[in-house]
Amino acid sequence: MSEFHPEFSSNGDMVLQSAEGTKFRLNSAILKAASTVFHDMFAMPRDPNEPGDAPIVLAEKAKVLSFMLNCIYPTNTTEHLDGYEEVWE
């Protein structure tokens, strides 16, 4: 079973999942307001046979998603990257 990221585990109405399986519980309204990509992604219909709480699996690593989400989502901590090389690995 995949684990939730400690900063993004308790509040939200949807779940994103990183390439390695880390889950992020998030509020879709915050993501939609912050990004047209998320706005458009949430406007797309989902498979009706898929459970409503199924995570949306992304190709990005957990460290990259954490960094991005800390930029757009109100949290008390900030993920640090040693360099942009980590984003492109």
Side-chain angles (χ1 to χ4, degrees):
M1 175 175 239
S2 301
E3 292 188 25
F4 278 92
H5 188 281
E7 293 177 39
F8 302 99
S9 62
S10 59
N11 297 318
D13 61 341
M14 55 80 54
V15 175
L16 293 181
Q17 183 174 314
S18 72
E20 32 323 55
T22 303
K23 293 180 181 178
F24 298 79
R25 186 175 308 282
L26 303 162
N27 186 315
S28 61
I30 292 172
L31 297 177
K32 287 189 274 189
S35 166
T36 57
V37 172
F38 283 118
H39 182 273
D40 293 346
M41 182 173 68
F42 295 133
M44 295 175 61
R46 293 190 73 174
D47 182 344
N49 298 320
E50 186 176 81
D53 60 348
I56 297 171
V57 180
L58 302 176
E60 288 74 23
K61 293 182 178 182
K63 189 159 189 166
V64 173
L65 288 176
S66 177
F67 180 79
M68 178 192 68
L69 292 169
N70 273 300
C71 290
I72 63 174
Y73 204 87
T75 63
N76 294 328
T77 60
T78 303
E79 179 75 31
H80 297 282
L81 295 177
D82 295 327
Y84 288 109
E85 295 80 24
E86 291 181 63
V87 175
W88 308 121
E89 290 177 347

* Asked: What pair of heavy atoms forms the shortest contact from Pro55 to Gln17, and how long is it?
  -> CG-OE1, 3.3 Å
* When rounded to the nearest 0.5 angstrom, what distance separates CG in Asn27 from CE in Met14? -> 9.5 Å
* Asked: Are Asn70 and Glu7 close enough, and set up right, to give a side-chain contact (heavy atoms from CB on, under 4.5 Å), and what steps lead you there?
  -> CA-CA 9 Å; Asn70 273 300; Glu7 293 177 39; 3.2 Å; yes
* To do: Enter the distance from Ser35:OG to Ile30:CD1 here, rounded to the nearest 0.5 Å.
  => 13.0 Å
* Structure fact -> For Ala62 and Ser18, the nearest pair of non-hydrogen atoms, with its separation, is N-CB, 3.5 Å
* Asked: Would Phe24 and Ser66 count as a side-chain contact (heavy atoms from CB on, under 4.5 Å) if you check the C-alpha gap in whole Å, the side-chain angles of each, and the deciding distance to 0.1 Å?
  -> CA-CA 9 Å; Phe24 298 79; Ser66 177; 4.2 Å; yes
* Would you say Leu26 and Phe38 make side-chain contact, with heavy atoms under 4.5 Å? -> no
* Structure fact -> Tightest non-hydrogen contact, residues Ala59 and Ala19, listed as O-CB, 3.3 Å
* **Reported CZ-to-CG distance for the pair Arg25 and Asp13, which is rounded to 0.5 angstrom** => 9.5 Å
* Under a 4.5 Å side-chain heavy-atom rule over Ile, Leu, Val, Met, Phe, Trp and Tyr, are Val57 and Phe42 clustered together? -> no
* To do: Look up atom CG in Leu31 and atom CE in Met68, then write down how far apart they are to the nearest 0.5 Å.
  => 7.5 Å
* Give me the ring orientation class for His5 and Phe8: parallel if the planes are under 30° apart, tilted from 30 to 60°, perpendicular past 60°. => tilted
* Asked: If you look at every heavy atom in Asp47 and Asn49, which pair is closest and at what distance?
  -> OD1-N, 2.8 Å
* Residue pair Glu20 / Thr22, side-chain donor-acceptor N/O under 3.5 Å -> no
* When rounded to the nearest 0.5 angstrom, what distance separates CG in Leu58 from CE in Met41? -> 6.0 Å
